[in-house]
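I have placed the structure first, in the form of structure tokens, so that the comments after it can refer back to it.
Remember, predicted model here, so these are calculated numbers, not experimental data. By convention in this document, chain letters (A, B, ...) are assigned in the order of the sequence lines, proteins followed by strands, and residues within each chain are numbered from 1.
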Amino acid sequence: QQQVKQSPQSLIVQKGGISIINCAYENTAFDYFPWYQQFPGKGPALLIAIRPDVSEKKEGRFTISFNKSAKQFSLHIMDSQPGDSATYFCAAHRGSTLGRLYFGRGTQLTVWP
Amino acid sequence: SQTIHQWPATLVQPVGSPLSLECTVEGTSNPNLYWYRQAAGRGLQLLFYSVGIGQISSEVPQNLSASRPQDRQFILSSKKLLLSDSGFYLCAWRTPSINIQYFGAGTRLSVL
């Protein structure tokens with residue numbers, strides 16, 4: 001059973017546009033929500049993360065919006081650049097599970113110049 | 001600073017051969033360690049995790065096994081590889097008090 005559902009599976013955005021990736025979860029015990037960025041042939045790297053008591057977190061061009069009541073969170077990439085082309089994973093952490101992260105299936109983002 | 005090493009980066013193995021992938025972490029002690037597999041175009045599947053030497057938890061029953069002989073060393077093994085074992089294997093670690101997992105560069109395994 002997929003604990004974190006991510007959409008879309010793939011996304012094509014024009015350079016300078018806004019990329020939006022959405023995730024949803026059911027388990028209210030999740031207490032931390034990171035996003036990872038993965039380039040081809042590389043391991044995922046932490047991009048940005050948020051706790052459920054915060055509705056928005058911004059780091060540069062990357063923003064997480066968090067809706068606790070709807071159990072949804074999303075990643076917004078402003079002014080998307082070709083260098084942002086990568087696979088993005090959302091994840092959720094549950095404190096009692098020894099650090100286990102539950103990952104979404106990933107979104108392959110392509111930014112056209 | 002902490003670093004994680006995985007090797008080899010690429011491996012091509014025949015069906016039925018054994019497997020040993022190694023992961024080591026530097027710059028920290030008593031990390032939680034994780035093995036993931038990523039099939040082509042798919043998400044991350046947690047295979048094993050460990051909270052200490054000799055302590056291994058398995059998430060998915062299969063012909064793979066893991067061991068943690070030292071505090072910062074995590075090994076993924078198989079006695080006989082299957083075609084379905086092909087994939088991108090990732091090791092990750094975290095400090096128990098922090099919710100962030102850090103990934104290694106991965107091993108691309110092709111079983112032919």
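Each of B/Ala105, B/Ala92, B/Cys91 has some count of heavy-atom pairs under 4.5 Å with chain A, and the biggest count is that of B/Ala105. Note on B/Leu44, B/Val51, B/Ile98: by heavy-atom pairs under 4.5 Å with chain A, the leading option is B/Leu44. Your options are A/Ala49, A/Gly41, A/Gly104, and the one with the most heavy-atom pairs under 4.5 Å with chain B is A/Gly41.
With a threshold of 4.5 angstrom between heavy atoms, B/Asn99 approaches chain A through its backbone and through its side chain. Proximity to chain B is limited to the side chain of A/Gln38, based on heavy atoms less than 4.5 angstrom apart. For B/Leu46, the part lying under 4.5 angstrom from a heavy atom of chain A is the side chain only. Interface residue A/Pro44: backbone and side-chain heavy atoms are both found under 4.5 Å from chain B.
Other residues, nucleotides and ligands contribute over 12 non-hydrogen atoms within 6.0 Å of the CH2 atom of B/Trp7.
Cluster annotation: B/Leu90 and B/Leu81 are assigned to the same hydrophobic cluster (Ile/Leu/Val/Met/Phe/Trp/Tyr, side-chain heavy-atom contacts under 4.5 Å, transitive). Linking ILVMFWY residues whenever their side-chain heavy atoms come closer than 4.5 Å, directly or via other members, leaves B/Val60 and B/Leu82 in distinct clusters.
Counting only N and O atoms by type, the side chains of B/Tyr89 and B/Arg37 include a donor and acceptor under 3.5 Å apart. Side chains of B/Tyr49 and B/Gln101: a donor-acceptor N/O pair is absent below 3.5 angstrom, by distance only.
Ring pair B/Phe103/B/Tyr36 is tilted by interplanar angle, where 30° to 60° counts as tilted.
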Please tabulate, for the side chains in residues 62-69 of chain A, all donor-acceptor contacts under 3.5 angstrom to protein atoms that are two or more places apart in sequence or on a different chain.
residue: A/Asn67; atom: OD1; partner: A/Ser69; partner atom: N; Å: 3.3
residue: A/Asn67; atom: OD1; partner: A/Ser69; partner atom: OG; Å: 2.8
residue: A/Asn67; atom: OD1; partner: A/Ala70; partner atom: N; Å: 3.0

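Salt bridge status for A/Glu26 with A/Lys71: present, with a side-chain N to carboxylate O gap under 4.0 Å. Taking the charged nitrogens against the carboxylate oxygens, A/Glu56 and A/Lys58 have no contact shorter than 4.0 Å, which rules out a salt bridge.
Contacts of residues 9-21 of chain B with chain A at a heavy-atom distance below 4.5 Å are absent; not one residue qualifies.
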